[in-house]
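The structure under discussion appears below in the form of structure tokens.
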2 protein chains.
Amino acid sequence: MTRTGSRTTGRPTLSEVARLSGVSPITASRALRGVATVAPALALKVHEAAQQLGYVANPAARALASAQSQSIVVLVPSLSNQLFIDTLEAIHDVMRPRGLEVLIGNSHYDIHEEENLIRNYLAYQPRGLLLTGFERTEASRRLLAASGVPCVHMMELDATPGVASVGFSQEQAGAVAARHLLSRGRKRLAYIAAQLDPRVLQRGDGFRQTLQAAGCFDPALQLMAPTPSSIGLGGELFNDLLRRHPDVDGIFFCNDDLAQGAILEASRQGLKIPEQVAMVGFNDLPASAHLVPRLTSIRTPRAAIGRQAAQLLLGLLDGKPAAHPTQDLGFELVVRES
Amino acid sequence: MTRTGSRTTGRPTLSEVARLSGVSPITASRALRGVATVAPALALKVHEAAQQLGYVANPAARALASAQSQSIVVLVPSLSNQLFIDTLEAIHDVMRPRGLEVLIGNSHYDIHEEENLIRNYLAYQPRGLLLTGFERTEASRRLLAASGVPCVHMMELDATPGVASVGFSQEQAGAVAARHLLSRGRKRLAYIAAQLDPRVLQRGDGFRQTLQAAGCFDPALQLMAPTPSSIGLGGELFNDLLRRHPDVDGIFFCNDDLAQGAILEASRQGLKIPEQVAMVGFNDLPASAHLVPRLTSIRTPRAAIGRQAAQLLLGLLDGKPAAHPTQDLGFELVVRES
DNA sequence: CTGAAAGCGCTTACAG
DNA sequence: CTGAAAGCGCTTACAG
């Protein structure tokens, strides 16, 4: 059944729809696209003919003729992180019902790999781009600017005019975690982080600055692993930290995976949480609310970021300048038992 | 910068590459596609010109001219389930380096939504399709058959000639869980399930049949919720079950989310696990090995399924009949503390 | 090994 | 409101 070397697709074409409905292909095209100038009676006939033939427009022909595809490109640094999955799913659920195809590029936390993705995906003439954060190569920036394709940035914020972004302040999130721990009377506060992307570092900065202002920052309590995060790693880093600094009484983790690993390891060792060490996670993954003790975490609006970024982009595609090009969706400290 | 209504893309074309390298467009096309008949010296010049211009072929034009895209369509029932994310990521990592675009369709566990996805995605003239399971509408089957596009089925197995599938026996997985619990002397065995897709039911069948053979099947101990699974639901169903049947001494959960919720709920209530109730999960998600107690689970080869299915499809695209069209990748009971 | 011609299935731009 | 002509940027099929 596999046709090789054929020129035709074997699928019904616009011309066949036009012939069956007794109009020209252009009129059929207009009717099917919902262009208003077509007489209602003709439009109906065209739709019936299309239905009867099982006609679905060839996106390649459409893209070639109009110099514009029906795709949106989303670039994320990872698919292993639940954070991006939630965002991606929300984007998908906004774009698909509008007939837009979501092309997903995974940069694996590598800005050069991202540059290649941009180069290749731009050839698809996407309607728009959804990018993660602002860290990229100069060449990537040039490619994006030269393409003229509308972009919306996700996760981080940048209020520069002409830049669209949907996210929240990563630094403030770090600061809030620090203030929470300080408010509980904790003084020996650590930051445990892995997969040191720009956002993890920004949260660390916010955390550090708040501790410095409170006069209790100790650089020795910053445990930064460049490797990917995982629950197992969280337990290991927690043990490392407590072995070297048994007096630590509060920890902010750059994400819930690490925090969950630590809480489970503490439970296994019979350590009292939060009496001995208070813990704050980040993202508020589903399991966190159910751990024993329940994990205090910072809930991030990751689905809302995807949804809002998608809608902001949709607005940009219609050519109207965005009313709110910088959308701070905030975050929420969810205080639980840890 | 957004060009609306323009016919051209503003990007360098094959003709410009050809002009710069002093050959005809056809020769440039052949050189860029690596067609062997081009003289090495010319091919080099073409590649240099393409590099210099930053030329990337227009996929729409290519697809239209060759009646074949560079896309692979993957249809999954959910993006909220880690299982499919792992599979998707593996597929992505096989296809992308070969220049194939992965189009992801999410059917939300609805075979009619899947039918729409199939209808629409077939218009993209994908090189191949990767489908989840075998449950679909008659119309979907007809569309797929009529298209002649090669398909590989994932997760479940079907040895029918001409059908390609990569997965494992869901029934056997249920049977293995039952045998494990029976081997530990457990007699009052329950199945707790949610999101009752065909695979969840197949696992339940395998579990039931084994219990029936052992003479200890009790239909009252089958707790089947049609709602999506979650950790929270796992805790609730666990409580429901124990309230109604305090004598239950072993539970098989249709996935680890439910099992994790149950183990956490048991811990919160101070129940002894596995002394009072033994638990077996399914999928072996990352957290399961770290819970207290560590969860016994059935590890599924979800990344391997994605990888192998992708490779099987790649073989089919080359027109060679698959040497192994039915790939049983098995599963592994990982016995831990629960 | 190379190329001139034709065509893929649509939409744009221009008439009427 | 409708349509004939042209063209998008490639590749196929056929020559040589």
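Every chain is numbered from 1 and lettered A, B, ... according to where its sequence line falls, protein lines coming before strand lines.
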query = Salt bridge check: are A:Arg136 and A:Glu115 linked by an N-O gap of less than 4.0 Å?
reply =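 Judged by the 4.0 Å cut-off on N to carboxylate O distance, A:Arg136 and A:Glu115 do not form a salt bridge.
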message = Any salt bridge linking B:Glu138 with B:Arg141? Criterion: basic side-chain nitrogen under 4.0 Å from a carboxylate oxygen.
response = yes
Side chain of [X] only, heavy atoms from C-beta on: which candidate in [options] is closest?
X       : options               : result
B:Ser24 : C:dG9, C:dC8, C:dA4   : C:dA4
B:Ser29 : D:dG7, D:dT11, C:dT2  : D:dT11
B:Ser66 : D:dG9, C:dT12, D:dT12 : D:dT12

Rounded to whole Å, how long is the line connecting atom [atom1] of [X] with atom [atom2] of [N]?
X        : N      : atom1 : atom2 : answer
A:Gln125 : C:dT11 : CD    : C1'   : 13 Å
A:Leu64  : D:dC8  : CG    : C1'   : 4 Å
B:Leu32  : D:dG9  : CG    : C1'   : 13 Å
A:Leu14  : D:dA4  : CG    : P     : 13 Å
A:Leu42  : D:dG3  : CG    : C1'   : 12 Å
A:Asn58  : C:dT11 : CG    : P     : 10 Å
B:Tyr124 : C:dC10 : OH    : P     : 13 Å
B:Ile26  : D:dT11 : CD1   : P     : 10 Å

N or O in side chain of [X] less than 4.0 angstrom from [N] OP1/OP2:
X       : N      : value
A:Arg30 : D:dC1  : no
B:Arg33 : D:dT12 : yes
B:Thr27 : C:dG3  : yes

message = For B:Met154, run the side chain to side chain contact (heavy atoms under 4.5 Å, CB included) check against B:Leu130, B:Leu131, B:Val166 and tell me which one passes.
response =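 Among the candidates, only B:Leu130 passes.
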From CA spacing to verdict: side chain to side chain contact (heavy atoms under 4.5 Å, CB included), A:Arg98, A:Gln70 = CA-CA 9 Å; A:Arg98 291 181 156 79; A:Gln70 297 296 319; over 6 Å; no
request  = Output the distance between atom OG (A:Ser71) and atom CG (B:Leu103), rounded to the nearest 0.5 Å.
outcome  =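 Here the interatomic distance stands at 8.0 Å.
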message = For A:Ser15 and B:Ala39, find the nucleotide of DNA chain C closest to each by heavy atoms; which residue's nucleotide sits nearer the 5' end?
response = B:Ala39
Which residue lies more 5' along DNA chain D, comparing B:Tyr55 with A:Val38 via nearest heavy atoms = A:Val38
task = Using a 3.5 Å limit on both pairing distances, list the dot-bracket string of DNA chain C from the 5' end; Watson-Crick and G-U wobble pairs count, crossing pairs take [ ], interstrand pairs take |.
result = |||.||||||||.|||
request  = With sequence neighbours left out, write down each residue that passes ring-ring contact (aromatic ring centres under 6.0 Å, His included) with B:His153, or none if nothing qualifies.
outcome  =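 Checked B:His153 against ring-ring contact (aromatic ring centres under 6.0 Å, His included); matches are B:Phe134.
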ask   = Which part of the nucleic acid, if any, lies within contact of A:Thr13, taking any heavy atom under 4.0 Å across all strands shown: a base, the sugar-phosphate backbone alone, or nothing?
value = sugar-phosphate
message = Side chains of A:Ser66 and A:Arg62: any donor to acceptor distance under 3.5 Å?
response = no
